[in-house]
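Numbered from 1 within each chain, the chains take letters A, B, ... in sequence-line order.
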Amino acid sequence: MNNPVVTRFAPSPTGFLHIGGARTALFNWLYAKSKNGKFLLRVEDTDSVRSTKEATDAIFKGLEWLGINWDGDPIFQKSNEMRHQDIAEQLLKKGMAYRCYATQEEIMKFQQTAKQNGTSTIYKSPWRENTSKLVKGLKSVVRLRSPNIGETVITDQIKGRVSWKNDTLDDLVLLRSDGTPTYMLAVVVDDHDMRVSHIIRGDDHLTNSARQILIYKAMGWNVPKFAHLPLINGEDGSKLSKRHGAVSVTEYKKMGYPAIAIKNYLARLGWSHGDTEYFTMDEAIKWFSLEKIGQSPARFDKKKLDSVSKFHLNKASPNDLVEEIIAFSLHQRNLIISEKQSSIFKKSINMLRERSSTFHEIIENARFFLLKPPIIVEPTDRALITQVDLKMLERLTLELTAVRWTDVALEKLLSNFVKKEQITFQTVARPLRLAIIGRKSSPSIALVLAILGRKETLNRISDALKTFKRN
RNA sequence: GCGCCCUUCGUCUAUCGGUUAGGACGCCAGGUUUUCAUCCUGGAAAGAGGAGUUCGAUUCUCCUAGGGCGUACCA
């Protein structure tokens with residue numbers, strides 16, 4: 001029988017949830033779900049100087065928003081410190097580790113000369129073979145006595161076989177001179193204690209994995225399976241950073257992307273299921289496998305994200321979508337949408353969403369009924385309403401007063417009006433748009449009128465007539 | 001410097017030795033149209049370079065080039 005699958009996401013709480021971190025979390029989650037396993041969360045807070053509560057909260061919130069839910073309570077690495085130290089002691093006793101009294105200056109000097117000579121910069125501590133008893137009064141670190149013959153092999157679930165000659169791997173520090181455990185030790189011990197079966201993390205950890213395997217071996221522990229994800233780069237191919245635009249999940253949330261769009265897009269960056277571009281998380285779980293993850297780094301392409309987002313916006317159930325938008329505008333935009341507006345929203349959601357990639361854009365497109373009069377026309381557009389137009393709008397008003405107020409009837413009224421006036425549709429549509437929504441573009445004008453209602457429409461037109469006549 | 005990883009259209013990717021190298025985003029052209037969009041149709045666009053293995057390489061191997069990661073008492 002196979003061991004149960006346990007994966008984990010192990011962020012260090014030194015900032016927001018990075019988009020790359022989110023993808024790592026997503027793949028861990030997807031894999032665990034697809035194997036009916038567990039997905040755990042561990043906060044790597046061993047660096048007490050850089051770790052903050054705010055960052056921890058931000059990461060939790062980010063994952064929650066994405067719907068990447070973890071099993072059990074999050075584990076804080078710091079609270080396992082004693083356990084880590086205990087393991088280091090055991091290693092020391094077994095002779096698999098040793099105390100090194102070299103100073104940082106000595107090590108730096110060694111590395112400098114090694115670089116000059118073009119040889120390996122891996123520090124060979126003289127204390128490795130020094131069997132003399134403890135040197136009292138001198139600070140020491142505990143280093144792993146790693147093998148210097150043979151090789152270390154990872155059968156990576158994504159990359160295949162990767163190997164290192166052991167003499168290219170260093171005697172890594174397990175315990176700092178102040179006695180605190182390093183990341184290298186802590187991850188291994190925690191992953192072992194948490195019974196993590198698959199370590200899925202970024203490619204940047206590939207060498208670390210080899211070094212960490214040495215610790216597993218020294219302890220005689222089972223080595224988990226590894227899968228190293230190719231990294232996400234910016235649009236220019238360089239490392240993804242703030243200068244490429246938004247890199248935190250929270251920023252994407254604020255911009256109004258639905259969580260499913262982010263997940264769909266991120267999953268598609270590196271992973272594929274044939275030609276399928278759009279999918280739900282249930283489908284992704286069903287189809288997911290590590291073998292289908294590619295080897296090469298991907299670039300983050302916001303245009304593609306937009307199209308994925310547009311797809312999901314247009315697929316969502318209208319009522320759910322409206323609910324989400326109302327929540328979004330309240331929390332992210334501090335804009336309260338009234339009962340009345342929300343019922344208009346429900347009626348117009350289809351025409352709004354087909355031209356939008358984000359909640360934010362939907363709201364922008366809905367501004368014609370979200371805005372309170374008076375309607376402001378951009379100064380640069382004011383010249384587009386002429387005195388001739390105003391006369392025409394007055395004649396139109398008369399007809400609008402009498403018509404049955406449905407989109408079909410309004411459509412018909414407008415086309416008859418155009419014929420009667422012997423003008424193009426645009427001649428009437430443009431000033432009418434400007435008058436009632438203050439902009440040159442909008443969804444279909446008859447629909448807009450229908451949704452706005454007769455009273456509101458006539459009020460807005462009459463306001464516009466007053467304003468523009470004065471000028 | 002040393003170690004390791006990566007390399008198919010502009011971008012994300014499919015292909016598990018034999019294909020006119022497929023799809024999506026974007027782009028271009030045309031159509032629908034009521035503005036902005038949407039939508040529909042069509043188009044341009046790729047195996048980094050060089051050896052080898054093979055009847056046959058995008059696919060397997062090696063070399064080169066380019067890019068990335070690591071090389072901390074950070075994680």
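- If you check B:rG10, B:rC5, B:rG22 against the side chain of A:Val162, the one that comes closest is B:rC5.
- Take the nearest nucleotide of RNA chain B for A:Lys292 and for A:Leu414: the residue whose nucleotide is more 5' is A:Lys292.
- Distances from the side chain of A:Ser296 to the nucleotides B:rU8, B:rC73, B:rG23 place B:rU8 closest.
- Within 4.0 Å of A:Asn208, counting heavy atoms only, lies at least one base atom of the nucleic acid.
- Side-chain proximity of A:Leu206 to the nucleotides B:rC4, B:rG1, B:rA75 is greatest for B:rC4.
- For B:rG22, the base has a donor-acceptor partner in the side chain of A:Asp275 [N/O atoms by modelled type, under 3.5 angstrom].
- Aromatic ring pairs are classed by plane angle as parallel below 30°, tilted from 30° to 60° and perpendicular above 60°; the pair A:Tyr257 and A:Tyr252 is tilted.
- Judged by Watson-Crick or G-U wobble contacts below 3.5 Å, the nucleotide B:rG10 has B:rC25 as its partner.
- The local environment of NZ in A:Lys225 is sparse, with at most 12 non-hydrogen atoms from other residues, nucleotides or ligands closer than 6.0 Å.
- Counting any heavy atom pair closer than 4.0 Å across all strands shown, A:Pro11 reaches no nucleic acid atom.
- Ranking B:rC6, B:rU71, B:rG23 by closeness to the A:Lys304 side chain, first place goes to B:rG23.
- As judged by a 4.0 angstrom heavy-atom cut-off over every strand, A:Thr276 is placed among residues making no nucleic acid contact.
- Within 4.0 Å (heavy atoms only), A:Ser356 reaches no atom of the nucleic acid at all.
- A donor N or O paired with an acceptor N or O is not found under 3.5 Å between the base of B:rG1 and the side-chain atoms of A:Gln116.
- Across B:rG3, B:rC25, B:rC36, the shortest atom-to-atom separation from the side chain of A:Thr168 is found for B:rG3.
- Side chain A:Arg433 to base B:rU34: a donor-acceptor pair is found below 3.5 Å.
- Counting any heavy atom pair closer than 4.0 Å across all strands shown, A:Glu44 reaches sugar-phosphate atoms only and no base atom.
- For a distance-only test at 3.5 Å, the side chain of A:Arg299 fails to qualify as a donor-acceptor partner of the base of B:rU11.
- The P atoms of B:rG52 and B:rA57 are separated by 11 Å, rounded to the nearest whole Å.
- Among the protein residues, A:Glu361 comes within range of no part of the nucleic acid, since none of its heavy atoms lies under 4.0 Å from any strand.
- Residue A:Ser272 is classed as a sugar-phosphate contact, given heavy-atom separations below 4.0 Å to backbone atoms only.
- When heavy atoms are screened at a 4.0 angstrom cut-off, A:Arg50 is found touching base atoms of the nucleic acid.
- Looking at A:Thr182, its side chain has no donor and acceptor atom pair within 3.5 Å of the base of B:rC73.
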